[in-house]
There are 2 protein chains.
Amino acid sequence: MSLASDRAKPNAAKPTLYKRIRLDIETRILTGEWPPGHRIPFEHQLMARYRCSRMTVNKALSELAQADLIERRRRAGSFVRRPQHMSAVLKIADIRAEITALGRAYGYQLIDCRRRTATSADRARLGVSTAGKVIAIACRHSADNVPFAVEDRLIDLSTVPEAAKADFAREPPGSWLLHHVPWTEAEHTISAVVADDHTAKALDIAVGAPCLVIDRYTWRSARTVTAVRLHYPGETHRLVARFKGG
Amino acid sequence: MSLASDRAKPNAAKPTLYKRIRLDIETRILTGEWPPGHRIPFEHQLMARYRCSRMTVNKALSELAQADLIERRRRAGSFVRRPQHMSAVLKIADIRAEITALGRAYGYQLIDCRRRTATSADRARLGVSTAGKVIAIACRHSADNVPFAVEDRLIDLSTVPEAAKADFAREPPGSWLLHHVPWTEAEHTISAVVADDHTAKALDIAVGAPCLVIDRYTWRSARTVTAVRLHYPGETHRLVARFKGG
DNA sequence: CACGATTATATGTCTAGACATATAAGTCAA
DNA sequence: TTGACTTATATGTCTAGACATATAATCGTG
């Protein structure tokens with residue numbers, strides 16, 4: 001067909017056709033030229049405009065629908081979606097990676113590590129009912145020898161039995177878990193507190209200074225993996241999140 | 001072809017074939033049966049296993065690749081990706097919607113609203129160099145008559161001229177912007193501070209109590225829209241984020 | 001053994017059809 | 001006017017091919 005030779009033109013644009021279609025539409029939406037609720041051209045119209053088959057425009061539109069930029073309705077057409085909420089992609093890499101990425105020297109101290117049968121408090125924190133074995137860890141992360149965060153963690157050994165063999169004096173539990181327990185899900189709760197005596201000492205800040213607290217509860221396939229609470233000195237540490245309207 | 005009749009079986013599974021393929025592979029990855037680095041079957045093998053055309057398995061694999069669950073390499077095959085970071089989808093709806101969703105009564109008070117030519121401090125905060133007009137707003141949100149957050153916002157009128165006509169005594173600026181300036185991008189910085197005199201009074205908390213601070217810088221197509229700083233009482237408010245390993 | 005050229009192969013994109021399906025819109029009767 | 005039925009249509013999924021392209025593997029040569 002003729003299109004093949006069109007694509008074979010030496011000065012042809014680099015991106016493939018469906019990507020160009022997607023980008024064209026995306027641009028019109030993002031600039032506001034096509035506001036929320038606007039019906040974008042039907043597939044057969046786009047076929048004519050771009051001189052391509054339906055599968056090609058369908059691929060472009062499907063990806064836009066997957067990204068929630070448009071909504072597709074049978075018989076009615078495709079419409080620019082109204083933004084309902086802001087959703088952030090907040091990268092919380094493991095702390096070692098985070099510090100290393102900042103070009104700072106990572107330091108780690110294990111404060112306490114003990115294996116025990118889950119207490120009722122442990123079970124409540126992990127959200128499990130059976131009293132299996134757990135590992136409780138307290139440790140501290142530092143950047144350029146300045147305290148960066150203190151960590152208080154519980155690992156459910158019935159979900160991650162391999163953790164019994166890990167050496168948490170050498171490797172931070174967050175890094176170990178990230179590399180040994182892939183594809184977890186988690187729920188984070190972020191709050192602010194003032195430093196108590198114990199936290200202040202560990203972070204080398206004043207009692208009463210603000211701290212950012214992250215509680216992370218992690219599971220894999222409905223099984224609890226770990227629960228962790230991180231204290232960051234609030235005046236120096238910041239979580240940065242890039243958002244995308246949607 | 002025979003597949004059509006297979007799909008037409010009255011007791012056939014509801015989801016379409018490519019979705020079934022995608023789910024099958026996703027399940028194996030999420031359960032750890034196929035660990036990171038594992039090469040998943042070639043397209044022609046999946047074609048044989050599911051008795052379908054290459055486009056169908058390709059669609060399933062493409063979506064998995066888009067979701068960063070697998071990595072596809074020409075000539076080599078498709079591989080389960082190693083999780084590098086945790087990415088959170090942190091929903092920060094506009095505050096009115098957030099409070100309403102909690103089933104609480106939303107209250108709003110405009111504290112101060114003035115229009116002015118951007119000062120150098122304003123320009124620095126918005127990240128613009130030209131001295132256009134801006135709107136500076138201070139307001140407070142409450143839930144069930146309890147202070148929920150105080151807001152300090154700057155809107156760039158050269159990007160959003162319609163904002164000049166908005167009535168921010170009636171409608172919170174966040175809600176107004178969300179509905180009138182779709183498809184923005186934003187960067188959030190979350191930190192913790194202790195309440196100063198002014199903030200303590202506005203939030204009805206003690207001086208020195210912890211506060212969660214969110215700085216949000218919003219733009220659309222390379223143009224600054226607004227910069228806002230929100231103070232939340234840290235002991236009562238929590239940001240919750242669902243995460244997905246990846 | 002090192003290194004450049006060749007080849008085989010898996011993915012990337014695309015076509016020109018097809019039938020399925022949800023549903024907006026129109027039609028008709030009560 | 002209202003509700004039930006029919007129809008038209010846009011999307012959803014799928015096929016059986018095709019050529020393009022990046023690159024792992026092989027081969028041959030110095």
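No experiment lies behind these values; they were computed from the predicted model shown. Here is the naming used below: chain letters follow the sequence lines, and residue numbers restart at 1 for every chain.
Contacts of A/Ser78 with the nucleic acid, taken as non-hydrogen atoms under 4.0 Å apart, involve only primed sugar atoms and P, OP1 or OP2.
Listed by residue number, the members of residues 39-48 of chain B with any heavy atom below 4.0 angstrom from DNA chain C are B/Phe42, B/Glu43, B/His44.
Between B/Lys59 and the phosphate of D/dT13, there is a side-chain N or O to OP1/OP2 separation shorter than 4.0 Å. Proximity of A/Arg72 to the phosphate of D/dG12: a side-chain N or O atom is located under 4.0 Å from OP1 or OP2.
Each of A/Arg73 and A/Lys19 lies near DNA chain C, and the nucleotide nearest A/Lys19 is the one positioned closer to the 5' end.
Panel note: side chain A/Thr226, backbone A/Leu154; a donor-acceptor pair is recorded below 3.5 Å. Judged by distance alone, with hydrogens and angles left aside, the side-chain atoms of B/Tyr217 form a donor-acceptor pair with the main-chain N or O of B/Leu126 at under 3.5 Å.
Atom P of nucleotide C/dA20 and atom CG of B/Leu17 are separated by 16 Å, given to the nearest angstrom. Atom CZ in A/Arg74 sits roughly 19 Å away from atom P in D/dA8 (whole-Å rounding). With rounding to whole Å, A/Ile70 atom CD1 is found 13 Å from D/dG12 atom C1'. One can place CG of B/Leu61 at 16 Å from C1' of D/dC14, the figure rounded to the nearest angstrom. Note: CZ (B/Arg51) to P (D/dT13) measures 23 Å, nearest angstrom. The CD-P distance, from B/Glu71 to C/dT11, rounds to 13 Å in whole Å. A straight line from CG of A/Asn58 to P of D/dT15 spans 15 Å, rounded to a whole angstrom.
Of the charged side-chain nitrogens involved, at least one lies within less than 4.0 Å of a carboxylate oxygen, so that B/Arg96 and B/Glu171 count as a salt-bridged pair.
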Mind running side chain to side chain contact (heavy atoms under 4.5 Å, CB included) on B/Arg72 and B/Asn58 for me, showing each step along the way? CA-CA 11 Å; B/Arg72 312 199 71 197; B/Asn58 185 284; 3.8 Å; yes
Between B/Asp94 and B/Ser175, is the side chain to side chain donor-acceptor pair (under 3.5 Å) condition met? List the steps. CA-CA 6 Å; B/Asp94 85 299; B/Ser175 303; 2.2 Å; yes
Generate the contact string for nucleotides 3-8 of chain C. Rules: B means base contact, S means sugar-phosphate contact only, - means no protein heavy atom under 4.0 Å. -----B
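You'll find that the side chain of B/Thr56 is closest to D/dC14, out of D/dT11, D/dT21, D/dC14. Of the candidates C/dT11, D/dG12, C/dT15, the closest approach to any side-chain atom of B/Arg54 belongs to C/dT11. Of the listed nucleotides (D/dA24, D/dT13, C/dC14), C/dC14 has the atom at the smallest distance from the side chain of B/Met55. Out of C/dT15, C/dT13, D/dT13, the shortest distance to the side chain of A/Tyr18 is found at C/dT13.
Taking CZ of A/Arg54 as the start and CG of A/Leu61 as the end, the distance is 10.0 Å to the nearest 0.5 Å.
Classified by interplanar angle (parallel below 30°, tilted 30° to 60°, perpendicular above 60°), the ring pair A/Trp34/A/His38 is parallel. Using bins of under 30°, 30° to 60° and over 60° for the plane-to-plane angle, the ring pair B/Tyr108/B/His141 lands in the tilted bin.
A cation-pi contact links B/Arg73 to B/Phe79, judged by a cut-off of 6.0 Å to the six-membered ring centre and 45° from its axis.
Other residues, nucleotides and ligands contribute only 12 or fewer heavy atoms inside 6.0 Å of the CG atom of B/Asn145.
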